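The structure under discussion appears below in the form of structure tokens.
Residue numbering restarts at 1 for every chain, and letters A, B, ... go by the order of the sequence lines. From a predicted model like this one, the values you see are computed outputs, not experimental measurements.
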Amino acid sequence: MKIAITSTGATLDAPMDPRFGRAAFILIVDTEGQVLEVLDNSENIRAFEGAGIQAATTISDHGAEALLTGYCGPKAFKVLEAAGIRVAADVSGSGREALAAFRVGKLPFIDAANAEAHW
Amino acid sequence: MNICLASGKGGTGKTTIAVNLAASLDRPVHFLDCDVEEPNAHLFLDLAWRGEESVSVAVPEIDPARCNACRKCLEICRFRALTLIKGKMLTFPELCHGCGGCQLVCPEGAVSDGKRLLGRLRFGDWRHITFTGGESRVGEAMSPPLIRAVKGQAKESELTIIDAPPGTSCPMITALRGVDFAVMVTEPTPFGLHDLRLAVAAARRLALPIGLVVNRAGIGDERLADFARAENIPILLEIPFDREIAAICSRGQLLVEALPVWRREFQRLFWRIERLCQGLDAA
């Protein structure tokens, strides 16, 4: 299973980025904690609109089935829902800590956006 | 002739100048309230309302039976109003600017026109003034298509006075584009001058002749006058910072009605604009 984690850096030890659409990096990892891909999200950070839509599409295209992030807005959530990606929001700490909590089932999935558009 | 009142900074008195200019004239004028997010010109004119019509923008609706996921619409949409997820198109009508590009490039004819309500146009009359006002739907974030619809009501042969929205972004540019003369209404404060610089730069990009109306003259400092001189922009009218004038405007009255001396001043403002449009000296 592939998991997407929003991160301030290119490794699992970096603190997570609370933003989804405008996260600095999105890490695609497996459940064992191996980083499969590092997505540089810098182009999306500068996007005028639709950053969340684009990020959600990207992680779907990369085969993610779960997303661990801080805030997820309504447009991104609509895409993630259509893609069948489950979302754990309000997650913080390092990517590694988040993944560990996810693996033992400590991160609940949200069933609606937890942030306003353009927060 | 089309005259647009613009400002940069909000609250400088665009609407005050626009309604008084229109009311001061002895000839028919079409007043266009293009400040569709906060229209208020009608408050100063005792209009008899004639009717209204709604304005919508076309947004894409995708027929999943026809869509073959070729991505051509995704490539042309710069506002990301469409995305392809697991082979299916998802649309975000609230991001769509209604350009119709997706419909144009779709080889399968899978895109059809949906509609998103933008707001309404209102029509009215008062004395020699024909009035068209735009009013955005509450919750709608995009105003340029509605502003274009307001401007679309003007006839080529008419004298038109346009009350523009504040700022220097797309709504203001939409109101300003294609007019014959831009009147920048400003105030002699650092904030007024800062935004005036931006507004003048925008009007210059549109290659428009520009004149200034200085409202609340007497406050602030000399920097506005210095700027006007350096940029070679004529100051066409100055309205002093005066309690009586402020009270008249606050009551929703016209300055040219309450203080007849101002009727001549606004007629003179129009005469100067007309002269400048003809390439003549307006001194």
Side-chain angles (χ1 to χ4, degrees), chain A residues 1-4 6 19-23 26 28 37 39-67 69 71-87 109-113 115-119, chain B residues 37 57 59-65 67-102 105 110-111 114 116 118 136-145 167-174 202:
Chain A
M1 178 186 184
K2 289 183 181 177
I3 301 150
T6 54
R19 302 166 302 177
F20 172 47
R22 294 175 202 277
I26 300 176
I28 305 287
E37 273 172 291
L39 307 177
D40 180 347
N41 198 40
S42 52
E43 194 183 323
N44 226 9
I45 289 175
R46 292 190 301 269
F48 176 56
E49 274 186 318
I53 296 169
Q54 191 57 47
T57 304
T58 302
I59 67 166
S60 171
D61 290 347
H62 282 82
E65 291 173 67
L67 165 68
T69 190
Y71 303 101
C72 179
K75 296 194 202 78
F77 193 79
K78 179 176 155 184
V79 178
L80 294 164
E81 213 174 18
I85 297 172
R86 291 177 297 169
V87 183
F109 296 115
I110 57 172
D111 50 18
E116 297 286 320
H118 304 137
W119 65 279
Chain B
E37 289 174 281
V57 66
V59 297
E61 269 175 13
I62 314 278
D63 179 356
C67 175
N68 66 357
C70 73
R71 311 185 69 93
K72 287 201 167 71
C73 56
L74 306 184
E75 285 155 20
I76 201 165
C77 183
R78 63 177 296 194
F79 296 103
R80 299 181 177 178
L82 305 146
T83 192
L84 182 68
I85 215 78
K86 303 250 190 253
K88 282 190 187 150
M89 295 296 304
L90 270 188
T91 61
F92 294 85
E94 67 271 33
L95 295 182
C96 175
H97 286 226
C99 74
C102 50
V105 298
V111 186
R116 183 175 93 238
L118 291 176
S136 265
R137 173 177 59 83
V138 172
E140 174 57 56
M142 199 183 302
S143 62
T168 45
S169 60
C170 297
M172 179 265 203
I173 300 291
T174 305

* Structure fact -> Per-residue tally against chain B (heavy atom, under 4.5 Å) across A:Ala56, A:Ser60, A:Ala51 peaks at A:Ser60

* Drop me the distance from A:Asn44's CG to B:Arg80's CZ, to the nearest 0.5 angstrom. =>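 Between atom CG of A:Asn44 and atom CZ of B:Arg80 there are 5.0 Å.
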
* Of all heavy-atom pairs between B:Phe92 and A:Lys78, which one has the smallest distance, and what is that distance? ->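 Heavy-atom minimum between the residues: CE2-CD, 3.7 Å.
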
* Structure fact -> For B:Thr83 and A:Val79 the tightest heavy-atom approach is CG2-CG2, 4.0 Å

* Can you tell if the side chain of B:Leu95 reaches within under 4.5 Å of the side chain of A:Ile53, non-hydrogen atoms only? -> yes

